[in-house]
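The structure's right below; bear with me while I get my questions together.
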Amino acid sequence: MATNRTFTMLKPDAVEKGHIGAILEKINASGFRIVAMKLTQMTQADAEAFYAIHKERPFFGELVEYMTRGPIVAAILEKDNAVEDFRTLIGATNPAEAAEGTIRKLYAASIGENAVHGSDSDENAAIEGAFHFSGREMF
Ligand code: RTP
Ligand code: MG
């Protein structure tokens with residue numbers, strides 16, 4: 001994957017609350033092109049692998065339960081400086097600390113259920129995109 005791409009998930013809470021359309025509108029309005037996108041649900045094994053970096057953290061069990069409880073929207077997004085600009089658009093992990101107008105400030109309920117994921121590096125964007133999409137699903 002090129003370094004001008006990032007990977008995102010609209011997490012189960014965002015889907016449950018009917019926020020898919022509003023969040024995608026904000027992503028589009030912020031200049032990201034959708035390269036790949038689907039509604040899918042992570043299995044326990046998927047979530048444990050995806051968030052393996054957090055497996056020793058006290059919230060890991062809750063995180064896996066949350067991320068597997070319903071469908072997510074997975075997507076690959078393209079824009080200059082995609083990883084950093086998308087992290088700015090979504091805001092801080094804890095919505096209470098997120099800047100005004102960010103997706104987490106607008107749509108996240110708590111640090112645990114925070115509506116949206118954004119890759120934290122170009123390397124992880126490529127790994128996470130490939131976790132969810134085959135080459136023929138990327139446009
Ligand atoms: P993400 O990976 O989902 O984009 O979130 P992030 O980089 O902003 O935050 P990270 O530290 O990678 O944490 C991953 C996800 O774990 C949940 N979390 N819960 N209860 C807690 O204290 C806590 N801390 C983190 C959140 O869903 C967070 O997005
Ligand atoms: Mg993270």
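Since the structure is predicted, the reported quantities are computational estimates derived from the model, not experimental observations. Just so it is clear, the values below take in all heavy atoms, side chains as well, and ignore hydrogens, waters and symmetry mates. Start at 1 and go down the list; that is how both ligands and their atoms are numbered.
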Is R104 in contact with ligand 1, taking contact as a heavy-atom separation below 4.0 Å?
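Checking ligand 1 against R104, which is what was asked, there is a heavy-atom contact under 4.0 Å.
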Could you check, using the six-membered ring where one of them is a Trp, whether F86 and F32 have ring centers closer than 6.0 angstrom?
yes
Taking distance alone, with N or O pairs closer than 3.5 Å, would you say E113 contacts ligand 1?
no
Could you find the nearest protein heavy atom to atom 20 (N) of ligand 1 and give me its residue, atom name and distance?
F59 CB, 3.7 Å
Using a strict cut-off of 4.0 Å, indicate which atoms of ligand 1 neighbour a heavy atom of L63.
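What qualifies from ligand 1 is 15 (C), 16 (O), 17 (C), 27 (O).
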Assign the ring pair F50 / H117 to parallel, tilted or perpendicular, where the plane angle (0 to 90°) is split at 30° and 60°.
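Ring orientation of F50 relative to H117: perpendicular.
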Using non-hydrogen atoms of the residue, decide whether K11 is closer than 4.0 angstrom to ligand 1.
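Yes, that is the case, since the closest heavy atom of the residue is under 4.0 Å from the ligand.
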Could you see which bit of E128 sits under 4.0 Å from ligand 1, with heavy atoms only: side chain, backbone, both or neither?
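For E128, there is no contact with ligand 1 at all, from either part.
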Looking at G118, which atoms of ligand 1 are within less than 4.0 Å of one of its heavy atoms?
4 (O)
Check this for me - ligand 1, T93, N or O atoms closer than 3.5 angstrom, yes or no?
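By distance alone, the answer is yes.
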For ligand 1 and Y66, I'd like to know whether there is a polar contact (N/O to N/O, distance under 3.5 Å).
no
Could you find the nearest protein heavy atom to atom 26 (C) of ligand 1 and give me its residue, atom name and distance?
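Of every protein heavy atom, I111 O, 3.2 Å lies nearest to atom 26 (C) of ligand 1.
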Please compare N114, N94, T8 and report which has the shortest non-hydrogen distance to atom 29 (O) of ligand 1.
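Checking each option, the heavy atom nearest atom 29 (O) of ligand 1 is found in N114.
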With a cutoff of 4.0 Å, is R87 in contact with ligand 1, counting heavy atoms of the residue only?
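A heavy atom of R87 does come that close to ligand 1.
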Side-chain donor-acceptor pair under 3.5 Å between E128 and S119, yes or no?
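Yes, because at least one side-chain N or O of E128 sits under 3.5 Å from a partner of the opposite role on S119.
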A cation-pi test, strictly: NZ or CZ of K11 under 6.0 Å from the centre of the six-membered ring of Y66 and no more than 45 degrees from its axis. Yes or no?
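No - K11 does not lie over the ring of Y66 by the 6.0 Å and 45° rule.
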Could you check, using the six-membered ring where one of them is a Trp, whether H19 and Y107 have ring centers closer than 6.0 angstrom?
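Ring centres of Y107 and H19 closer than 6.0 Å.
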Greater than 12 external heavy atoms within 6.0 Å of K38's NZ:
yes
Before signing off on this row, confirm whether G112 and ligand 1 have an N or O atom pair separated by under 3.5 Å.
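N/O-N/O distance under 3.5 Å: yes.
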I want to confirm something. Looking only at heavy atoms, which of H117, H54, E62 is nearest to atom 13 (O) of ligand 1?
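Nearest heavy atom to atom 13 (O) of ligand 1 lies in H54.
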For D85 and T88, test the side chains for any donor-to-acceptor distance below 3.5 angstrom and give the result as yes or no.
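No, no side-chain donor-acceptor pair sits under 3.5 Å.
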Considering only heavy atoms from C-beta outward, does the side chain of L24 approach that of I20 to under 4.5 Å?
yes
Any salt bridge linking R69 with E16? Criterion: basic side-chain nitrogen under 4.0 Å from a carboxylate oxygen.
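E16 and R69: salt-bridged.
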